[in-house]
Amino acid sequence: TIAVGKEVTQTPLRLELAKAARDTLARKTYGQLFLWIFERINSTFASASGATSSSGRELGVLDLAGFECFEHNSLEQLMINFGNERLQQRFNEVMFQNEMKQCQEEGVTAPSNLGFVDNSDVVDLIDK
């Protein structure tokens with residue numbers, strides 16, 4: 001519906017066009033919210049460290065696949081990465097932490113190169 005002065009023009013959309021318009025609005029809204037959230041996070045990090053936003057601390061989430069590098073990320077990409085990060089965290093827990101614990105319980109020396117990056121702090125930050 002478009003209103004110009006006292007004249008109102010109404011053009012009903014077909015179902016598929018209405019769904020596409022709805023989805024576009026939702027993506028745009030979530031995308032802008034994502035940008036706003038991370039601008040706030042970055043400015044908070046920058047002001048806390050006294051640095052500029054480009055040289056201050058950064059919030060990072062591992063992308064399990066590791067091959068995606070976008071100029072602009074979206075909320076959808078954050079959710080995908082967050083889900084992947086939770087899966088990676090569970091994998092690390094099962095494969096590394098439990099194996100190291102089992103080695104200690106059995107009195108076996110764990111291999112010295114058995115290590116992993118623990119991103120649980122980042123996952124917890126987003127999760128809460």
Side-chain angles (χ1 to χ4, degrees):
T1 303
I2 298 174
V4 178
K6 294 183 179 182
E7 187 176 324
V8 177
T9 304
Q10 188 173 27
T11 306
L13 296 176
R14 294 189 319 266
L15 180 61
E16 53 275 353
L17 289 176
K19 286 181 179 180
R22 175 203 60 200
D23 294 347
T24 299
L25 178 61
R27 276 193 294 277
K28 185 67 174 174
T29 302
Y30 288 135
Q32 291 300 313
L33 179 61
F34 175 82
L35 292 175
W36 179 82
I37 288 170
F38 276 87
E39 284 173 8
R40 294 289 306 244
I41 290 171
N42 289 336
S43 66
T44 300
F45 280 168
S47 63
S49 67
T52 63
S53 61
S54 61
S55 65
R57 297 185 298 180
E58 295 179 358
L59 174 66
V61 178
L62 171 69
D63 182 347
L64 192 63
F67 57 83
E68 296 159 323
C69 182
F70 301 112
E71 186 174 327
H72 300 285
N73 284 303
S74 64
L75 180 63
E76 181 179 38
Q77 187 62 42
L78 174 66
M79 295 299 119
I80 291 168
N81 289 355
F82 178 63
N84 287 343
E85 193 67 29
R86 294 287 303 259
L87 291 172
Q88 182 67 47
Q89 186 180 36
R90 180 69 179 136
F91 175 82
N92 289 347
E93 180 183 304
V94 170
M95 293 304 296
F96 297 112
Q97 292 174 345
N98 290 346
E99 288 297 321
M100 290 167 61
K101 181 180 175 185
Q102 188 176 5
C103 285
Q104 287 175 345
E105 289 171 354
E106 295 177 2
V108 176
T109 304
S112 60
N113 63 348
L114 182 63
F116 61 95
V117 176
D118 184 7
N119 287 336
S120 59
D121 291 343
V122 174
V123 171
D124 291 344
L125 177 67
I126 296 172
D127 202 21
K128 297 189 180 355

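Just the heavy atoms: all of them, side chains too, but no hydrogens, waters or symmetry mates, feed the values below.
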Notebook entry, point to check: Which residue pairs pass the side chain to side chain donor-acceptor pair (under 3.5 Å) test with at least one member in residues 16-37, sequence neighbours excluded?
Noted result: Arg14-Glu16

Check: Distance from Ser120 atom OG to Glu85 atom CD, nearest 0.5 Å?
Finding: 9.5 Å

Checklist line | Crowding at CD, Glu7 (>12 non-hydrogen neighbours, <6.0 Å) | finding: no

